[in-house]
Every structure is written in structure tokens, then in C-alpha cells.
Engineer: 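Dumping the structure here so I can ask a few things about it.
Every heavy atom of this structure was used, including side-chain atoms; hydrogens, water molecules and symmetry mates were not.
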Amino acid sequence: MELFNVYPLVNITPVRALGAKLWDDKGQEYLDFYGGHAVISIGHSHPHYVQRLTEQLQNIGFYSNSVQIPIQTELAHKLGQVSGYEDYALFLCNSGAEANENALKLASFHTGKTRVVAFKGAFHGRTSGAVAATDNPKIVAPFNAGHAVTFVEYDLEAVLAVLHGGDVCAVIVEPIQGVGGIIMPSDEFMRHLALFCWANDVLLIADEVQSGYGRSGKFFAHQHTGIRPDIISVAKGMGNGFPIGGILISPRLQASYGLLGTTFGGNHLACAAALAVLEVVEDENLLAHATELGGYLRTELLAHAGAAEIRGRGLMVGIKYDFPIKEIRDKLLTDHHIFVGNASDPTVLRLLPPLNITKAEVDRFLGALYRLVSPPGPLCEKEEEEPALKK
């Protein structure tokens with residue numbers, strides 16, 4: 001049997017990782033400035049993370065949700081404390097797509113309505129409802145296309161026009177679009193959107209799968225705007241590589257048996273991984289670190305990257321050029337051994353490094369980028385003078 005071929009693969013086989021570095025099967029070192037698609041939040045193989053998972057596995061790795069699993073309650077309490085949502089409830093699942101699927105389902109249950117409002121450029125996952133709310137017709141099968149979804153621009157009048165139809169159960173929004181190219185609706189737009197949803201008996205779902213868990217410098221990116229969504233979906237950085245996702249649910253939504261369900265969601269190992277992440281985020285003050293290093297990175301890029309626009313918050317950064325970035329991305333990998341990301345917009349280079357990335361590692365990336373897009377500057381010279389930064 002062969003694998004079902006779904007992704008174009010680069011010819012690199014990582015076999016070991018630590019912090020923000022990877023090593024392949026030939027011993028070549030790489031700098032990870034993409035975090036495995038925003039998944040690696042506290043760095044590869046963090047000692048506390050490894051210890052937490054090892055100890056849990058030595059005791060019990062899994063049993064179904066038909067029994068008491070105290071580590072789930074421990075995770076819910078810790079997540080509420082660190083995120084500032086102690087009055088919300090937590091439902092655990094296995095991925096961002098599942099989180100959004102359950103968020104949409106819960107909104108429809110609560111309101112009795114069917115239509116979802118999503119935004120141009122959105123990406124919410126590949127399961128049935130989540131992919132229907134994703135603005136990419138290429139990945140929406142006819143089976144998925146039967147959902148009632150309306151896509152709008154970040155235009156309040158357009159949103160209101162759909163809400164006034166009376167059949168909308170939810171508006172789902174990424175506080176920072178990841179796949180879309182690090183696109184942010186304005187803070188004012190987000191505040192008005194929350195008010196419009198409340199006034200029209202529509203639930204507001206904040207998809208924080210990529211932008212959450214400290215990536216923006218606050219625990220959730222929507223917290224920069226002062227709003228409190230009805231449902232918040234999380235995954236990616238939540239488990240630092242272990243599959244876990246979830247939704248944080250407003251106290252105005254009531255639970256009932258059978259409303260939501262999962263076999264693997266909230267298993268012992270997943271909860272141990274998620275607790276380790278929260279403990280490291282707190283102990284190492286990674287929200288402040290993401291703010292500080294993200295500010296430094298943006299300042300440097302604005303001054304020297306020769307870009308049309310620098311987007312994002314914290315360590316979720318998009319560098320938009322006025323030409324396709326594929327060659328830059330490829331050369332960063334092949335010539336400088338640095339992983340970075342792209343977006344659905346071919347002119348945007350996407351940066352999602354671990355939240356505990358160091359300034360020296362940021363400078364290594366900047367020096368490599370400057371060598372590709374502009375005349376050599378101080379950081380380029382610094383890179384040449386510090387061969388120890390390379391394997």
C-alpha cells in the first residue's frame with residue numbers, strides 16, 4: 001500500500017528537533033521559523049513537555065470519556081486561568097477542524113438556525129461544516145457545499161444585510177487570518193461585529209486555531225479588541241505537536257447529554273501535553289516574550305525587508321511583497337536552511353516561529369532574508385561572523 005498523495009513534499013526528512021532547530025537524516029541543521037504550521041508553541045522537545053508526557057504515559061495513556069478523567073478538569077481550570085476565561089466551559093476534541101465543526105454545530109443547536117456567515121479568505125478546516133465555511137472552492141466537495149454559508153468582506157453593512165435575513169446561527173471569524181495571508185480585521189470592526197451578533201441572536205465564533213495560545217502577544221488575538229466571543233476554537237499550539245483541539249463555550253450556552261461527543265478528545269496524553277504548554281507559557285512569560293520579539297521583528301522588517309507591507313501581531317507575521325515569494329521561500333530553505341511559510345496569497349511570506357524563539361535566531365532569519373531581498377547590511381555581516389549559528 002502507498003500513501004494517498006495529498007501534499008507536495010520538500011526533500012527533507014527531519015529526525016530530531018530541539019527548541020527552534022531541526023536536524024535531518026543527513027545531520028543538516030535547520031532553523032524553524034514556521035513552527036510546523038503554528039503548532040510548535042513552546043519549542044520542539046521542551047524538557048518540561050517531554051517529562052509531562054513521559055510520566056503520563058507511564059501511568060495511563062488513554063481511556064474513553066465514559067469514566068472520570070481528572071486531568072481534563074485540571075486542564076480546563078488551568079486554561080481558564082491563563083486565558084482569562086474562567087467562567088467559560090471547555091469541550092475537548094482532536095484538531096482545529098473538529099473544534100470549528102463542533103462550534104458551528106453548537107451554535108445551530110443553540111439558536112435553531114442554519115446559516116453561517118464567514119469571511120473572504122477564511123480557512124476553518126477540512127471537515128464538512130468547517131470546509132464549507134472555508135473560502136476555497138477547490139477543497140469543497142459537492143457533499144460539503146450544501147451547507148448554508150454566506151461569505152462577505154470585512155464590511156459591516158454587508159454583515160448586517162445577511163444577519164437581517166433572520167436565519168443566521170453564527171458568524172465565524174479569524175481575528176488574524178493565517179492561511180489567508182495574515183489578514184486582520186480592524187479592532188473597530190471586531191467590536192461592532194460582536195455587538196451586531198448580540199443584537200441579532202447570532203453567536204460569534206472566534207477561530208483562534210492559529211492565532212491563539214499567545215501567538216499574537218495576548219493569549220487570544222481577539223483580546224486585543226476587547227470583545228468576548230460566544231465560542232472560541234483552539235488547536236495547533238495547544239498541544240505543541242500532540243493532536244488536541246477544543247472550544248471554549250460561553251456560560252449562556254447550556255450543555256446536555258449527547259449534544260457534543262468524542263472518543264479520543266481529552267485523552268490523558270493530550271491533556272498532559274496541553275497542560276505542559278500552559279505551564280511553560282506561564283513560567284517562561286511567553287506572552288510578553290512574543291510581544292517583545294514580535295515588535296523587534298516587525299521593526300527590523302519595516303526598516304530593511306523592502307516589503308510592501310508588514311502584517312500581524314506578536315509572532316504571527318506576514319511579509320507582503322509586490323511579487324511572488326516562492327523563490328525567496330525556496331532559497332531560505334535550500335541556501336540558508338530556514339523553514340518559513342507561504343499563504344493563499346502568493347506574495348505573502350508567513351512567519352510562525354516558536355514563542356520562545358531567541359533574538360539571535362530572529363537575527364539569523366533576518367540576515368538570511370536581507371541577503372535575498374536587499375544589499376547586505378549589518379545583520380548579514382553578523383551572520384557571516386557567527387558560523388556557530390550554523391551546524
Engineer: If a pair satisfies salt bridge (charged side-chain N to carboxylate O under 4.0 Å, His left out) and one of its residues is in residues 158-182, list it, with sequence neighbours excluded.
Structural biologist: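 Applying salt bridge (charged side-chain N to carboxylate O under 4.0 Å, His left out) to every pair that reaches into residues 158-182, excluding sequence neighbours, yields R115-D167.
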Engineer: Which pairs, with at least one residue in residues 133-143 and sequence neighbours excluded, count as a salt bridge (charged side-chain N to carboxylate O under 4.0 Å, His left out)?
Structural biologist: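 Residue pairs with at least one partner in residues 133-143: there are none.
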Engineer: Atom NZ of residue position K78 - does it have more than 12 heavy atoms of other residues, nucleotides or ligands inside 6.0 Å?
Structural biologist: yes
Engineer: For A270 and I244, work out which heavy atoms get closest and say how close.
Structural biologist: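 Smallest heavy-atom distance, with atoms named: O-CD1, 3.6 Å.
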Engineer: So, E300 and Y370: side-chain donor and acceptor under 3.5 Å apart, yes or no?
Structural biologist: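 Indeed, the side chains of E300 and Y370 share at least one donor-acceptor pair under 3.5 Å.
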Engineer: Could you tell me how the ring of Y30 sits relative to the ring of H337: parallel (under 30°), tilted (30 to 60°) or perpendicular (over 60°)?
Structural biologist: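 Rings of Y30 and H337: perpendicular, as their planes differ by over 60°.
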Engineer: Would you find more than 12 non-hydrogen atoms of other residues, nucleotides or ligands less than 6.0 Å from Y63 atom OH?
Structural biologist: no
Engineer: Kindly indicate whether the side chain of Y213, heavy atoms from C-beta on, has any atom under 4.5 Å from the side chain of I42.
Structural biologist: no
Engineer: I'd like to check the ring-ring contact (aromatic ring centres under 6.0 Å, His included) partners of F109; sequence neighbours left out, ordered by chain and number.
Structural biologist: none
Engineer: K120: which residues meet the side chain to side chain donor-acceptor pair (under 3.5 Å) condition with it, sequence neighbours left out?
Structural biologist: none
Engineer: With sequence neighbours left out, write down each residue that passes side chain to side chain donor-acceptor pair (under 3.5 Å) with E188, or none if nothing qualifies.
Structural biologist: none
Engineer: Hey, what do you get for CH2 (W23) to NZ (K21), rounding to the nearest 0.5 Å?
Structural biologist: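 Nearest 0.5 Å value for the CH2-NZ distance: 6.5 Å.
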Engineer: Any side-chain heavy-atom pair from F123 and V209 closer than 4.5 angstrom?
Structural biologist: no
Engineer: Test V202 against T111 for side-chain contact (heavy atoms from CB on, under 4.5 Å), laying out the working first.
Structural biologist: CA-CA 7 Å; V202 172; T111 63; over 6 Å; no
Engineer: Show me the pairs that pass ring-ring contact (aromatic ring centres under 6.0 Å, His included) and involve residues 153-173, at least two apart or across chains.
Structural biologist: F119-Y154, Y154-F189
Engineer: Quick one: do V277 and V281 satisfy side-chain contact (heavy atoms from CB on, under 4.5 Å)? Show the steps, please.
Structural biologist: CA-CA 6 Å; V277 167; V281 165; 4.2 Å; yes
Engineer: Looking only at heavy atoms, what is the nearest atom pair of S128 and H147, with distance?
Structural biologist: OG-NE2, 2.9 Å
Engineer: If the condition is side chain to side chain donor-acceptor pair (under 3.5 Å), which residues does Y88 pass it with, not counting sequence neighbours?
Structural biologist: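 Scan of Y88 (side chain to side chain donor-acceptor pair (under 3.5 Å), adjacent residues dropped) gives none.
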Engineer: Please collect all salt bridge (charged side-chain N to carboxylate O under 4.0 Å, His left out) contacts where either partner lies in residues 143-164, sequence neighbours excluded, each pair once.
Structural biologist: none
Engineer: Quick check against the 3.5 Å criterion: does S108 have a side-chain atom that pairs as donor or acceptor with the backbone of L104?
Structural biologist: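 No: the side chain of S108 does not pair with the backbone of L104.
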Engineer: Do any N or O atoms from the side chain of R228 and from the backbone of Q223 form a donor-acceptor pair under 3.5 angstrom?
Structural biologist: no
Engineer: Check whether N200 reaches the backbone of F196 with its side chain - one donor and one acceptor, N or O, closer than 3.5 Å.
Structural biologist: yes
Engineer: Report yes if some heavy atom in the side chain of L106 is under 4.5 Å from a heavy atom in the side chain of F91; otherwise report no.
Structural biologist: no
Engineer: Checking the side chain of R313 only, and the main-chain atoms of G217 only, is there a donor and an acceptor separated by less than 3.5 Å?
Structural biologist: no
Engineer: Report the distance from atom CG of L204 to atom CD1 of I232, rounding to the nearest 0.5 Å.
Structural biologist: 9.5 Å
Engineer: Distance from N100 atom CG to T127 atom OG1, nearest 0.5 Å?
Structural biologist: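 Result: 7.5 Å between the selected atoms.
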Engineer: Start with the C-alpha distance between L366 and L301, add both sets of side-chain angles, then the distance that settles side-chain contact (heavy atoms from CB on, under 4.5 Å), and finish with yes or no.
Structural biologist: CA-CA 8 Å; L366 290 170; L301 290 170; 3.6 Å; yes
Engineer: Which pair of non-hydrogen atoms, one from P175 and one from V173, has the smallest distance, and what is that distance?
Structural biologist: CD-O, 3.4 Å
Engineer: Taking it one step at a time, do F219 and Y85 satisfy side-chain contact (heavy atoms from CB on, under 4.5 Å)?
Structural biologist: CA-CA 10 Å; F219 194 85; Y85 279 95; over 6 Å; no
Engineer: With rounding to the nearest 0.5 angstrom, report the CG to CG distance, D201 to L203.
Structural biologist: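 It comes to 7.5 Å.
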Engineer: Would a distance-only check, ignoring hydrogens and angles, find a side-chain to backbone donor-acceptor pair under 3.5 Å from R350 to N342?
Structural biologist: yes
Engineer: Determine the minimum heavy-atom distance between V171 and C197, stating which atoms define it.
Structural biologist: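 Looks like CG2-SG, 3.7 Å.
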Engineer: Quick check: does any side chain N or O of Q56 sit under 3.5 Å from a backbone N or O of L269, one acting as donor and the other as acceptor?
Structural biologist: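 The answer is no, because no donor-acceptor pair under 3.5 Å joins these two groups.
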Engineer: Please check: side-chain N/O of K320 versus main-chain N/O of V348, any donor-acceptor pairing under 3.5 Å?
Structural biologist: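 Looks like no, no N/O pair under 3.5 Å.
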Engineer: Would a 4.5 Å heavy-atom cut-off, applied to side chains only, mark I176 and Q210 as touching?
Structural biologist: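 No, too far: nothing below the 4.5 Å cut-off.
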Engineer: Just checking, any donor-acceptor pair under 3.5 angstrom between side chains of D363 and Y296?
Structural biologist: yes
Engineer: For R311 and M184, indicate whether the former's side chain and the latter's backbone hold a donor-acceptor pair under 3.5 Å.
Structural biologist: no
Engineer: For H110, what residues pass the ring-ring contact (aromatic ring centres under 6.0 Å, His included) criterion, not counting sequence neighbours?
Structural biologist: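 Per chain and number, H110 pairs via ring-ring contact (aromatic ring centres under 6.0 Å, His included) with no residue.
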Engineer: I'd like to know if L286 and L297 are part of one continuous hydrophobic network [Ile/Leu/Val/Met/Phe/Trp/Tyr, side-chain heavy atoms within less than 4.5 Å].
Structural biologist: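 The answer is yes; both residues are in one hydrophobic cluster.
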Engineer: Check whether N240 reaches the backbone of G43 with its side chain - one donor and one acceptor, N or O, closer than 3.5 Å.
Structural biologist: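 Indeed, once roles are kept as given, a pair shorter than 3.5 Å links the two residues.
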Engineer: Can you name the nearest heavy-atom pair linking S95 to A235, along with the distance?
Structural biologist: C-CB, 3.8 Å
Engineer: Side chain to side chain donor-acceptor pair (under 3.5 Å) with E284: which residues, sequence neighbours excluded?
Structural biologist: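 So E284 forms a side chain to side chain donor-acceptor pair (under 3.5 Å) with H46.
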Engineer: Can you pull the salt bridge (charged side-chain N to carboxylate O under 4.0 Å, His left out) pairs that have at least one residue in residues 252-276, sequence neighbours excluded?
Structural biologist: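 As it turns out, the salt bridge (charged side-chain N to carboxylate O under 4.0 Å, His left out) pairs with a partner in residues 252-276, which skip direct neighbours, are D230-R252.
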Engineer: Between F33 and I357, is any pair of side-chain heavy atoms under 4.5 Å apart?
Structural biologist: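 Counting from C-beta outward, F33 and I357 do come under 4.5 Å.
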Engineer: Any chance you could measure L92, atom CG, to F264, atom CZ, to the nearest 0.5 Å?
Structural biologist: 15.0 Å
Engineer: Got a list of side-chain donor-acceptor pairs under 3.5 Å for residues 67-77, not counting sequence neighbours?
Structural biologist:
from: Q72; atom 1: NE2; to: N65; atom 2: OD1; distance (Å): 2.8
from: Q72; atom 1: NE2; to: G266; atom 2: O; distance (Å): 2.8
from: E74; atom 1: OE2; to: R52; atom 2: NH2; distance (Å): 3.4

Engineer: Is there side-chain contact between C169 and V116, with heavy atoms separated by less than 4.5 Å?
Structural biologist: yes
Engineer: Would S211 and E208 count as a side chain to side chain donor-acceptor pair (under 3.5 Å) here? Give the steps.
Structural biologist: CA-CA 5 Å; S211 58; E208 294 272 10; 2.6 Å; yes
Engineer: Roughly how far apart are N267 CG and N94 CG, rounded to 0.5 Å?
Structural biologist: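 Answer rounded to 0.5 Å: 7.0 Å.
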Engineer: Identify which one of H222, Q177, H124 satisfies the side-chain hydrogen bond (donor to acceptor under 3.5 Å, both in side chains) criterion when paired with D207.
Structural biologist: H124
Engineer: With a 4.5 Å cut-off on side-chain heavy atoms, are D345 and I183 touching?
Structural biologist: no
Engineer: For F143, look at atom CZ and say whether over 12 heavy atoms of other residues, nucleotides or ligands are found less than 6.0 Å away.
Structural biologist: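 Counting other residues, nucleotides and ligands, CZ of F143 stays at 12 neighbours or fewer.
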Engineer: Check whether any side-chain heavy atom of N136 lies under 4.5 Å from a side-chain heavy atom of V179, and answer yes or no.
Structural biologist: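 Side-chain contact under 4.5 Å: no.
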